[in-house]
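Please read the structure below before turning to the comments.
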Number of protein chains: 2
Amino acid sequence: MIMKMANSRSLHARVVGEIGESIVSGVLRPGDALLGEAQLAAQMEVSRTILREALKVLAAKGLIETRQKTGMRVRDARFWNHLDPDVLSWRCASMPTEDFVGKLVEMRAIIEPAACMAAARRRDAAQLEAIGAALDAMEDAPDLDAWAEADLRFHEAVLTATNNELLSSLFSVIETSLATFFVMSARTAKNFKYSLPQHRAVYEAIRRRRPNEAAEAMRAMIDDSRTNMRKPSRK
Amino acid sequence: MIMKMANSRSLHARVVGEIGESIVSGVLRPGDALLGEAQLAAQMEVSRTILREALKVLAAKGLIETRQKTGMRVRDARFWNHLDPDVLSWRCASMPTEDFVGKLVEMRAIIEPAACMAAARRRDAAQLEAIGAALDAMEDAPDLDAWAEADLRFHEAVLTATNNELLSSLFSVIETSLATFFVMSARTAKNFKYSLPQHRAVYEAIRRRRPNEAAEAMRAMIDDSRTNMRKPSRK
DNA sequence: AGAGCATATTTGTCCGACAATTGACAAGCT
DNA sequence: AGCTTGTCAATTGTCGGACAAATATGCTCT
């Protein structure tokens with residue numbers, strides 16, 4: 001009686017997740033040798049075929065390297081695709097370090113104001129509408145979950161409105177940063193809409209096609225959330 | 001007599017490259033259905049096992065999705081991991097469009113000044129030394145190839161000096177952008193060192209720990225390279 | 001002791017088989 | 001007729017075994 005239903009994902013997805021998380025979270029350190037394919041497959045209770053599919057995916061993300069006879073080793077962190085959505089989420093699976101949260105916020109502070117500027121210049125009507133719809137959903141959000149969902153949609157819509165898919169691909173970073181922020185500030189669930197005016201300011205600046213104002217409004221919003229995240233550690 | 005040596009890479013790497021490039025370059029359009037695994041494997045002259053390893057990697061990059069019974073389809077471009085080093089390089093394999101080059105430069109203009117600022121604040125002695133070494137190599141470069149190699153190292157060293165691995169992971173974008181620039185400006189191979197003073201200015205600002213000066217110097221350098229890239233199309 | 005060789009171990013590749021999923025179609029019921 | 005239901009078939013998902021290729025290790029011979 002095996003309870004495989006723990007994760008409904010396909011087998012190889014489960015294996016990728018387990019090993020990937022072990023590596024990114026530091027259980028397996030760079031330079032460590034993974035046991036051979038055969039033993040690893042047995043330990044995970046999958047066939048070698050499936051394990052190898054998973055290993056190829058991890059290798060594509062830069063997490064491991066494999067050479068014949070020597071076996072597989074965890075690569076040094078500087079080779080990892082840190083921007084890969086999976087790598088990011090694995091990194092936050094076990095409560096992210098304060099250090100990492102700081103790096104996420106730094107990325108937001110670099111990306112989002114610049115994205116607002118680009119969006120204010122190049123957004124079309126439909127893209128503005130998408131941002132507005134997210135803003136409305138934030139305003140009508142009955143609880144923190146609904147707010148969080150709409151908030152993510154807002155920031156994604158802004159990225160999309162830049163019409164630069166390289167920029168919008170960075171949404172996974174913003175997503176991870178915001179998700180972390182939500183769990184860290186869950187206790188202050190009472191007035192979770194406090195940042196609505198700031199979001200509205202961003203929307204208005206983009207609507208009126210004012211790049212500098214949009215960037216400035218976004219910068220203010222990020223600064224604000226930065227200080228709000230420091231509060232818990234101050235107590 | 002099969003000439004497999006065309007690409008010395010392993011089989012699955014070759015398959016990943018071929019299919020990935022077909023998708024990213026537009027030969028296969030989003031929504032297109034790939035033939036079944038069996039036929040595809042036969043067409044590529046590899047076993048289904050190898051093909052499947054390749055497909056999993058492509059799926060991990062967001063390029064394809066696979067469902068039972070339906071088969072495999074190319075996903076919409078908005079799901080692609082545009083920042084994945086492989087995806088970036090595939091995109092430039094067949095002469096990148098002017099539109100894409102513009103997006104690459106926009107990314108540089110966002111990332112690198114911010115990175116210079118962070119590097120000026122947080123770099124340690126060894127990281128400064130790495131930047132300086134790359135600068136020296138640029139100065140001593142005998143030809144364009146040596147210059148290009150040192151130039152890449154310079155920008156990578158700056159990214160590394162930010163001590164934010166998320167930021168340094170964006171090097172693949174800068175790398176692609178610079179590589180494109182080198183091939184587009186190959187004709188002006190005579191005075192290929194014209195940007196040396198600008199690089200030196202960046203180095204000096206980082207050495208003296210002047211964030212704003214460093215960012216400004218980098219901005220000037222990017223603006224300059226932007227105009228130099230427009231020249232060919234002006235004629 | 002050093003160079004070269006034999007060997008064993010590990011990954012790379014291939015094959016054939018069966019299970020699971022699910023779109024499509026046909027049959028039957030209301 | 002329209003809807004439901006059940007069967008079928010096509011495709012991916014998973015498995016195990018087999019052999020090839022590469023190479024670290026240790027042995028042998030000089």
Side-chain angles (χ1 to χ4, degrees), chain A residues 1-20 23 28 30-75 79 86, chain B residues 1-20 23 28 30-75 79 86:
Chain A
M1 179 94 63
I2 305 175
M3 52 179 192
K4 296 195 167 185
M5 301 313 297
N7 282 330
S8 62
R9 299 177 294 180
S10 63
L11 276 186
H12 96 269
R14 180 175 62 86
V15 175
V16 169
E18 282 187 26
I19 302 182
I23 293 176
L28 298 171
D32 282 359
L34 282 62
L35 340 132
E37 292 182 348
Q39 302 173 53
L40 210 50
Q43 174 180 319
M44 300 239 157
E45 295 179 340
V46 296
S47 67
R48 196 167 82 104
T49 309
I50 297 300
L51 177 74
R52 281 182 56 81
E53 289 180 4
L55 293 176
K56 292 302 178 198
V57 172
L58 292 172
K61 294 182 191 300
L63 297 186
I64 62 175
E65 65 183 343
T66 116
R67 278 168 41 197
Q68 284 187 175
K69 175 66 181 179
T70 310
M72 303 163 295
R73 307 187 82 85
V74 179
R75 296 188 78 187
F79 297 115
D86 289 331
Chain B
M1 180 88 68
I2 305 174
M3 52 180 192
K4 296 193 168 184
M5 300 312 298
N7 282 329
S8 63
R9 301 177 293 181
S10 64
L11 276 185
H12 100 271
R14 179 175 64 86
V15 175
V16 169
E18 281 187 27
I19 302 182
I23 294 176
L28 296 171
D32 283 359
L34 283 61
L35 334 135
E37 292 182 349
Q39 303 172 52
L40 210 50
Q43 175 180 319
M44 300 238 155
E45 296 180 338
V46 295
S47 68
R48 196 165 82 103
T49 309
I50 297 300
L51 178 73
R52 280 181 56 79
E53 289 180 2
L55 293 176
K56 291 303 177 200
V57 172
L58 292 172
K61 295 183 191 300
L63 298 186
I64 62 175
E65 65 184 341
T66 129
R67 277 166 43 196
Q68 285 185 177
K69 173 69 179 179
T70 310
M72 304 165 293
R73 308 186 80 86
V74 179
R75 295 188 79 186
F79 296 115
D86 289 331

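Convention: sequence-line order gives letters A, B, ...; per-chain numbering from 1. All values below were derived from every heavy atom in this structure, side-chain atoms included, with hydrogens, water molecules and symmetry-related copies excluded. A quick note: this is a predicted structure, and the numbers were derived from the prediction, not measured.
The distance between atom CD of Glu65(B) and atom C1' of dT11(D), rounded to the nearest whole Å, is 15 Å. Atom NE2 in His12(B) sits about 15 Å away from atom P in dT11(C), given to the nearest Å. The CD atom of Gln39(B) sits 7 Å away from the P atom of dT11(D) (whole-angstrom rounding). Rounded to whole angstrom, the span from the CZ atom of Arg52(A) across to the P atom of dG16(D) amounts to 16 Å. Remark: P of dT12(D) and CD of Glu53(B) are 17 Å apart, rounded to the nearest angstrom. We find that CG of Leu34(A) is positioned 13 Å from C1' of dT10(C), with the value rounded to whole Å. Straight-line distance from the CE atom of Met44(A) to the C1' atom of dG16(D): 19 Å, rounded to whole Å. Atom CD1 of Ile50(A) and atom P of dT12(D) are 14 Å apart (whole Å).
Each of Ser47(A) and Gly36(B) was matched to the nucleotide of DNA chain D holding its nearest heavy atom; the match closer to the 5' end belongs to Gly36(B).
In this structure, Thr66(B) reaches the sugar-phosphate backbone alone: every heavy-atom distance under 4.0 Å involves primed, P, OP1 or OP2 atoms, never a base.
Evaluation of the salt bridge (charged side-chain N to carboxylate O under 4.0 Å, His left out) rule for Arg73(B) yields no partner, not counting sequence neighbours.
Closest of all the heavy-atom pairs between Arg75(B) and Gly62(B) is CD-O, 3.4 Å.
The residue from Lys56(B), Lys61(B), Glu53(B) that alone fulfils the side chain to side chain contact (heavy atoms under 4.5 Å, CB included) condition with Val57(A) is Lys56(B).
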Extract from the structure each pairing of a protein N or O with an N or O of nucleotides 23-28 of chain D at less than 3.5 Å, listing the distance.
unit_1, atom_1, unit_2, atom_2, d
dA24(D), OP1, Arg67(A), NH2, 3.1

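Among dC15(D), dG13(D), dG12(C), the nucleotide with an atom closest to any side-chain atom of Leu11(A) is dC15(D). The Glu37(B) side chain lies nearest to dT12(D) when the options are dT13(C), dC15(D), dT12(D).
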- Task: Carefully, step by step, assess Leu34(A) and Leu40(A) under the rule side chain to side chain contact (heavy atoms under 4.5 Å, CB included).
- Result: CA-CA 8 Å; Leu34(A) 282 62; Leu40(A) 210 50; 4.0 Å; yes
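Counting heavy atoms from C-beta on, the side chains of Ile19(A) and Leu51(A) come closer than 4.5 Å. With contacts defined as side-chain heavy-atom distances shorter than 4.5 Å, the pair Leu63(B)/Val74(B) does not qualify.
Evaluation of atom-type donor-acceptor distances gives a pair under 3.5 Å for the side chain of Arg48(A) against the base of dT13(C).
Between Met72(A) atom CE and Arg52(A) atom CZ the span is 9.5 Å, to the nearest 0.5 Å.
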